[in-house]
Structure formats: C-alpha cells, structure tokens
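In what follows, a structure is listed as structure tokens, so that the remarks can point back to it.
Per chain, numbering begins at 1; letters A, B, ... match sequence-line order.
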There are 2 protein chains.
Amino acid sequence: MINVAIVEDDREIRQTLALIIDGTPGFSCKNTFEDCESAIETLPEIVPDVVLMDINLPGMTGIEGIRILKERLSHIDFIMLTIQEDDESIFDSLLAGATGYLTKDTPPADLLNAIREVYKGGSPMSTQIARKVVTSFKSDKKSPLTERETEILQRLCNGENYKVIADAIFVSGHTVRAHIKNIYEKLHVHSRAEAVKKAFKDKLI
Amino acid sequence: MINVAIVEDDREIRQTLALIIDGTPGFSCKNTFEDCESAIETLPEIVPDVVLMDINLPGMTGIEGIRILKERLSHIDFIMLTIQEDDESIFDSLLAGATGYLTKDTPPADLLNAIREVYKGGSPMSTQIARKVVTSFKSDKKSPLTERETEILQRLCNGENYKVIADAIFVSGHTVRAHIKNIYEKLHVHSRAEAVKKAFKDKLI
DNA sequence: GAATCTATTACGCGTATGGGGTATTTTTTA
DNA sequence: TAAAAAATACCCCATACGCGTAATAGATTC
C-alpha cells in the first residue's frame with residue numbers, strides 16, 4: 001500500500017486526484033493540503049511515501065516547500081505535478097529534491113504508474129522533460145584548449161603549483177607558466193580560481 | 001518516415017532489430033553496421049534520423065563512436081541500446097551525445113516508441129535511469145560552511161581578491177583571510193583552485 | 001553559571017602567482 | 001611549401017596568497 005499525500009490549492013483538482021488515488025487498489029490518499037505551510041506542519045506526523053506537489057501555491061511555492069520538507073523528511077519522494085514546463089521550474093524542482101516531474105495533463109493511469117515508479121526508485125518524467133535534463137549536463141561548446149593545455153588545466157584544478165606540474169609533465173616551470181598564460185588568455189580569465197570555475201562551468205575537464 | 005541505422009556486433013540481434021523496425025509502418029532501416037569504424041565511414045552519406053548504438057563493440061566503443069559521429073553529424077539522434085546499466089556507462093554515453101538510453105531487454109513496442117520520442121525531441125530512458133541522471137546533478141551533502149563563508153567562497157570562485165571581497169562585505173582584508181582559512185580547513189583544501197573545484201563538485205554554490 | 005565552540009576580527013612573513021615581455025623548435029593547417 | 005599554431009624556454013617585478021599565531025564576541029552546551 002503506497003501512502004500518498006497531495007499539496008494543491010485548486011479544490012476541484014485536489015479532491016479529484018485524492019479520489020482517483022484512494023480508489024485504486026494498492027494506493028491510499030487520506031491527506032491533502034491546499035498550501036505548503038499546512039503540509040509542513042502535518043506531514044512529519046503522517047509521513048507518506050509519496051507527495052504530489054503543485055508549484056504555484058498561495059504563499060510558499062511548491063519548490064520552496066520541497067526544499068524545506070526534504071531537509072527533515074528526506075525519505076519521502078516528491079512528484080511535481082504542475083502546468084509549468086519551463087526549464088527553470090524543472091531544474092529548480094529537481095535541485096530542491098523532487099524525484100519526478102509531471103504535467104497536469106498526465107492521464108490518471110500514467111499518474112498512478114508514476115507514483116508506483118517513484119516508489120520503486122525511479123524518476124518518472126516525460127521524455128521531453130528528460131531531454132532538458134540530459135541537455136543541461138552536456139557540454140555544448142567545444143574546448144578552445146589544446147591537449148597539453150587541458151592536461152595543465154586539470155592539474156591547476158587540483159591545486160598543483162607550477163613546479164609540481166612541470167615535474168609531472170617533464171617540462172620546465174617556465175613552460176608551464178607559458179601554457180597557463182595561454183590558457184588564461186583563451187578562457188578570458190586572470191586567475192587560477194576563474195580558470196577552474198570556467199573549467200567546470202564549460203565542462204572543459 | 002523515420003530513417004533508422006543500427007550499430008551492433010551481434011548478427012542475430014542486429015538483423016532482428018532491423019527486421020522489426022523496417023517492418024513497421026513509418027520506419028525504415030536499411031543500414032546496419034557491426035562496428036563504429038564502418039558506421040563512421042558510411043553514415044555521412046546516408047544520414048539517418050536515429051541511430052541505435054551498442055556500447056560493447058569490437059574496436060571502438062559505442063560511446064567513443066557517438067563522440068566522433070556527433071562532431072560531424074550533430075543533427076543525428078543516438079539511442080544507446082545496451083546491457084550496461086552502470087552509472088558510468090550512462091553518464092559517459094549522455095556526455096558523448098546520446099539522446100536516449102535503453103537496455104536490451106526493452107520490448108520491441110517500447111523500442112519503436114522510444115525512436116518516435118527521440119524523433120519528436122524527447123530523451124527516452126527508464127525511470128530508473130532517469131533517477132540516476134537526476135540524482136547526479138543534485139547536491140546531496142549539506143554545506144559545512146556558514147553563510148558568511150559561502151558568500152566568500154562564491155566571490156573566491158569569481159576570482160575576487162582579498163581586498164575586493166573585504167570592501168564588498170565591509171570587513172578588513174585580515175578578516176577575509178581568516179574566513180578563507182576556515183573555508184579551506186572545512187573543505188580540506190589548501191588553495192583557491194581546490195576550493196573552487198570542491199565548490200562546484202559538491203555544489204556548494 | 002561555567003565551559004566550549006564558532007564566528008569574527010587582526011597582524012607579519014616568505015613565496016607562489018600573474019602581468020609584462022622575448023625567442024626557438026616542432027607540429028599542424030592552409 | 002608557406003603560414004599559423006602549439007610547445008618549449010627564459011627574464012623581471014609587484015603583489016596576492018597561504019600559513020602561523022592570537023584576541024574578542026556570541027551562541028551553544030553541559
């Protein structure tokens with residue numbers, strides 16, 4: 001029996017969802033909330049398995065709500081159930097701790113399935129949304145650095161100093177220095193820290 | 001009509017897949033390859049819409065193959081079709097440019113669906129695999145740093161020097177140094193570069 | 001209420017770092 | 001084959017950096 005809770009301000013939607021879920025064998029839905037504030041108050045007592053969470057809510061947003069709830073009740077899985085499909089809503093939700101992300105036009109059968117999937121350790125979402133997630137951690141631009149420079153940048157990221165790098169790649173400290181100057185120029189930075197930041201931001205290493 | 005190509009070393013599997021796909025209305029599969037090398041040679045001429053790619057291949061791996069093919073034929077979508085389900089294979093595939101990721105036990109109907117999804121701009125994958133992807137860009141451990149320290153770490157990442165930071169947060173340069181020392185101790189690092197690296201790796205900022 | 005820990009403030013020392021150059025050899029590309 | 005890019009090596013110099021040490025105010029714990 002999967003215990004489900006709902007946080008959704010629209011009374012109609014909230015009750016319909018609860019009815020569908022509670023009326024399906026293997027599911028139970030006895031707790032619904034119209035805002036995050038009341039959910040945060042009550043959830044620690046009932047501790048459901050899965051929570052369906054809207055984003056647009058009066059007061060605290062669903063994203064902020066998940067962030068707070070996840071801190072204390074980290075074992076509860078949250079599924080975003082929202083009309084928003086913009087990149088920011090999706091990424092912020094997942095970063096806040098949402099496990100699944102569905103849009104409100106998801107058919108009941110699919111919704112129930114998604115709840116099952118989350119319960120079994122999956123992250124249900126449309127393939128369109130998955131694409132956004134996949135794209136987000138792929139480096140798009142190709143590195144302007146040479147192989148040698150990339151090797152040195154990697155070592156810069158590890159905090160190795162000129163001499164250590166020089167010894168490691170069997171060249172003089174002067175050469176390392178020259179390479180690093182070129183790296184900085186290509187990346188448009190003026191310090192190690194900025195170079196490291198750019199290395200990670202642009203996924204150069 | 002979605003034009004599909006297959007790269008798969010097992011003759012049995014390759015031919016079965018080709019038959020299924022080519023025999024389905026709306027799909028065409030006239031080109032199959034038993035390794036990446038021959039695929040790289042021929043694909044630029046036929047330019048399919050979608051390529052099903054195995055990982056374990058004689059010679060070049062499917063991951064390496066995608067990396068090379070994506071450079072020239074960036075508009076082709078690749079679906080990984082493999083037995084591997086380890087995190088590394090998944091992430092390396094997606095980083096190399098794969099759009100979808102399926103295991104070989106995927107039923108034919110689901111496979112055809114996945115091809116359609118990719119063609120429509122989605123990223124088909126099991127919810128279990130999606131979970132791994134989602135988890136990968138979520139910060140798991142909570143920051144050991146104070147608010148002040150986090151603020152300073154952020155500025156360190158931007159390459160701001162002591163004086164600039166000091167002026168920005170209205171304290172002396174000495175104080176900034178002390179904070180940074182504490183940051184380094186907490187993060188177990190000994191330089192800006194390492195701190196910046198850890199900040200991004202652990203998603204502290 | 002005392003003890004402890006943490007965050008914040010502060011100073012001096014030696015050195016690695018980054019900015020400014022210049023130059024030769026090898027490899028890649030046009 | 002000429003030109004461009006990459007890799008190698010060297011110099012000077014101001015300073016930003018990391019390390020050691022220490023005091024004070026606030027929060028937390030016992």
Side-chain angles (χ1 to χ4, degrees), chain A residues 71-72 139 141-205, chain B residues 40 44 64 67-68 71-72 74 141-202 204-205:
Chain A
E71 276 214 1
R72 302 161 207 184
S139 100
K141 23 187 175 290
K142 66 187 69 166
S143 172
L145 304 181
T146 67
E147 253 185 72
R148 200 56 151 178
E149 288 164 349
T150 305
E151 150 101 7
I152 290 176
L153 178 57
Q154 231 156 26
R155 294 177 179 278
L156 279 184
C157 290
N158 292 329
E160 299 180 21
N161 65 24
Y162 294 169
K163 172 122 187 60
V164 171
I165 297 175
D167 291 349
I169 64 174
F170 307 109
V171 297
S172 81
H174 297 293
T175 304
V176 173
R177 175 96 179 73
H179 280 303
I180 291 176
K181 266 195 289 191
N182 289 333
I183 293 172
Y184 287 180
E185 199 170 332
K186 287 184 179 177
L187 300 185
H188 309 297
V189 300
H190 308 280
S191 69
R192 261 175 132 85
E194 290 171 281
V196 174
K197 177 184 180 180
K198 206 155 184 90
F200 279 92
K201 277 247 180 252
D202 294 358
K203 308 202 174 94
L204 300 177
I205 59 163
Chain B
I40 290 170
E64 197 47 49
R67 213 187 311 276
I68 291 170
E71 277 215 0
R72 298 156 210 189
S74 60
K141 23 189 176 293
K142 68 187 69 171
S143 173
L145 305 181
T146 66
E147 252 185 73
R148 196 62 149 179
E149 288 163 350
T150 304
E151 150 101 7
I152 290 177
L153 178 57
Q154 232 157 24
R155 294 176 179 278
L156 279 184
C157 291
N158 292 330
E160 298 181 21
N161 66 26
Y162 293 168
K163 172 117 187 62
V164 171
I165 297 175
D167 290 350
I169 64 175
F170 307 110
V171 297
S172 81
H174 298 293
T175 304
V176 173
R177 291 169 109 99
H179 281 303
I180 291 176
K181 263 192 293 190
N182 290 333
I183 292 172
Y184 288 179
E185 201 171 328
K186 287 183 180 176
L187 300 185
H188 310 295
V189 300
H190 308 280
S191 68
R192 258 174 132 85
E194 291 172 282
V196 174
K197 177 183 180 180
K198 207 158 184 93
F200 280 93
K201 278 246 179 253
D202 294 357
L204 300 177
I205 58 162

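Between the side chain of Asn158(A) and the main chain of Glu160(A), no donor-acceptor pair closer than 3.5 Å is present.
For the helix from dG1(C)-dC30(D) to dA30(C)-dT1(D), the end axes, each set by the C1' atoms of five terminal pairs, are bent relative to each other by 70° (nearest 10°).
Summarising the geometry, the separation between CZ on Arg177(A) and P on dC13(D) is reported as 15 Å, rounded to the nearest angstrom. Put simply, CD1 on Ile180(B) is 13 Å from P on dA16(D), counting in whole angstrom units. Distance Tyr162(A) OH to dG18(C) P: 4 Å, rounded to the nearest Å. For Glu185(A) and dA5(D), the CD to P distance is 12 Å, given to the nearest whole Å. A straight line from CD1 of Ile183(A) to P of dG19(C) spans 13 Å, rounded to a whole angstrom. Rounded to whole Å, the distance from NE2 on His188(A) to C1' on dG18(C) is 18 Å. A straight line from CD of Glu151(A) to C1' of dT8(D) spans 15 Å, rounded to a whole angstrom. In this structure, His190(B) places its NE2 atom 18 Å from C1' of dT17(C), rounding to the nearest Å.
The residue Tyr184(A) sits close only to the backbone: its heavy atoms come under 4.0 Å of sugar-phosphate atoms, none of a base.
A salt bridge is absent between Arg148(B) and Glu151(B); no separation between the charged side-chain nitrogens and carboxylate oxygens falls under 4.0 Å. With respect to Glu185(A) and Lys181(A), no salt bridge is recorded, no charged nitrogen being found less than 4.0 Å from a carboxylate O.
Arg192(B) contributes no side-chain N or O that forms a donor-acceptor pair with the base of dG18(D) under 3.5 Å.
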Which pairs, protein N/O on one side and nucleotides 7-10 of chain C N/O on the other, fall under 3.5 Å?
unit_1  : atom_1 : unit_2    : atom_2 : d
dA7(C)  : OP1    : Lys186(B) : NZ     : 3.2
dA7(C)  : OP2    : Lys186(B) : NZ     : 3.2
dT9(C)  : O5'    : Thr175(B) : OG1    : 3.4
dA10(C) : OP2    : Ser172(B) : OG     : 2.7

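Within the 4.5 Å cutoff, side-chain heavy atoms of Ile165(B) are placed close to those of Leu156(B). Side-chain atoms of His174(A) and Tyr162(A), non-hydrogen and from C-beta on, never get closer than 4.5 Å to each other. His179(B) places none of its side-chain heavy atoms less than 4.5 Å from the side chain of Thr146(B). Side chains of Ile152(B) and Leu145(B) form no contact here, defined as non-hydrogen atoms less than 4.5 Å apart. Using a 4.5 Å heavy-atom cutoff, the side chains of Ser143(A) and Ile205(A) are not in contact.
In terms of heavy-atom proximity, Cys157(A) sits nearest to Lys197(B) at O-CD, 3.4 Å. Contact detail for Leu187(B) and Pro144(B): the closest heavy-atom pair is CD2-CG, 4.3 Å.
For Ser191(B), the side-chain atoms get nearest to dG18(D) when compared with the rest of dG19(C), dT17(C), dG18(D).
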Check step by step if salt bridge (Lys or Arg N to Asp or Glu O under 4.0 Å) holds for Glu194(A) and Lys198(A).
-> CA-CA 6 Å; Glu194(A) 290 171 281; Lys198(A) 206 155 184 90; over 6 Å; no

Quick one, give me the B/S/- string for nucleotides 25-30 of chain C, reading 5' to 3', where B means a protein heavy atom under 4.0 Å from the base and S means that only happens at the primed atoms, P, OP1 or OP2.
-> ------

